[in-house]
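Beneath this line is the structure, given in structure tokens, with notes to follow.
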Amino acid sequence: MIGIFDSGVGGLSVLRAINQQMPHEPFIYLADQANVPYGSRSLDEVRGFAEGISRYLLGQGCKLIVVACNAASAAALHHLRHAFPETPFVGMEPAVKPAAEHTHSGVVGVLATPATFQGALYASVVERFAQGVKLMQHTCPGLVQQIEAGQLDTQATRRILEDALKPMLAEGIDTVVLGCTHYPFVIPLIREIAGEQVRVVDPAPAVARQVGRILDSQGLHDLDAYWQSDLMGQAPARRFLTTGDPQQLAAMLPHLLGKEAGTVEGLKWQSGHLLEISS
Ligand code: DGL
């Protein structure tokens with residue numbers, strides 16, 4: 001079973017790509033909606049959440065963990081690999097490398113939360129791959145909350161994106177990097193504002209391929225789940241958990257994942273640990 005987590009619904013953009021590439025792979029998706037947004041919190045605080053969530057997912061039998069959140073990756077990826085050395089972790093980092101390789105204008109926009117911009121991961125990506133490229137950064141204040149509220153195409157959401165993108169467009173960006181896993185859900189709006197000629201880089205498919213490579217190389221695919229789906233037509237085990245309101249997440253899943261996704265279980269934090277809420 002793969003464990004996938006984010007502060008909220010953002011990681012569903014990564015889960016969607018994993019499901020497309022590996023439809024038989026069972027998973028647990030955990031949204032820490034009691035603490036969303038992560039992006040405006042300190043890296044220390046986010047690291048504490050990421051560690052508690054990883055411990056919980058491992059306790060549930062997860063064999064690989066996808067940190068489907070740029071902010072949590074910036075705050076905790078290094079620490080998690082150290083704290084749980086037996087477990088492969090796949091994290092997110094803003095896709096500055098492919099953007100810098102493909103830009104013609106030499107001007108690239110990066111949309112991410114403050115925690116991601118503060119982390120050492122982003123600084124290292126910029127240092128290694130963005131030499132000679134002008135990067136324009138924006139934190140899109142309020143955008144994560146809009147997406148959490150299902151406001152994917154409202155005036156307020158459009159205004160946030162216009163504030164971020166218009167100055168970038170004026171400087172000649174031809175590429176926008178989505179450095180927050182929530183933001184792929186507003187790609188249609190980004191395209192409306194920026195125009196079809198601006199390339200939008202969503203790292204989710206590349207992250208899903210990386211998950212597949214690790215499952216292959218470490219022999220971690222769940223073969224029972226494959227047999228059961230192929231031979232007996234059974235759906236793979238898929239669980240959704242939230243520290244927020246399970247009903248609210250359940251209502252959003254079909255919109256964001258594009259199909260009937262299933263029920264959502266509730267969790268609560270207690271002294272740094274996650275506990276199940278019996279319904
Ligand atoms: N979706 C997350 C990210 O990629 C976190 C957003 C937030 O909670 O601020 O950064």
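Numbering of ligands and ligand atoms starts at 1, following listing order. Model, not experiment: these values are computed from the prediction.
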- Task: Check the surroundings of atom CD in Glu127: do more than 12 heavy atoms from other residues, nucleotides or ligands lie under 6.0 Å from it?
- Result: no
- How far is atom 10 (O) of ligand 1 from its nearest protein heavy atom, and which residue and atom is that? Ala71 N, 3.1 Å
- for atom 7 (C) of ligand 1, nearest protein heavy atom and its distance come out as Tyr38 N, 3.3 Å
In terms of atom number and element, which parts of ligand 1 are under 4.0 angstrom from non-hydrogen atoms of [X]?
| X | result |
| --- | --- |
| Cys180 | 1 (N), 2 (C), 3 (C), 4 (O), 6 (C), 10 (O) |
| Ser7 | 5 (C), 6 (C), 7 (C), 8 (O) |
| Gly39 | 7 (C), 8 (O), 9 (O) |
| Asp6 | 1 (N), 2 (C), 5 (C) |
| Asn70 | 3 (C), 4 (O), 10 (O) |

- Query: Can you check whether Glu276's main-chain N or O pairs, donor with acceptor, with Glu265's side chain at less than 3.5 Å?
  - Reply: no
- Message: Once you measure the plane-to-plane angle for Phe117 and Tyr122, does it fall in the parallel (<30°), tilted (30-60°) or perpendicular (>60°) bin?
- Response: perpendicular
- Message: For Phe240 and Tyr29, take the angle between the two ring planes, folded into 0 to 90°, and tell me which bin it lands in: parallel under 30, tilted 30 to 60, perpendicular over 60.
- Response: tilted
- Considering distance alone, does some N or O of Ser40 sit under 3.5 Å from an N or O of ligand 1? no
- Query: Salt bridge between Arg47 and Asp44, side-chain N to carboxylate O under 4.0 Å?
  - Reply: yes
- Message: With side chain to side chain contact (heavy atoms under 4.5 Å, CB included) as the test, pick out the partner of Phe5 among Leu241, Asp32, Val67.
- Response: Val67
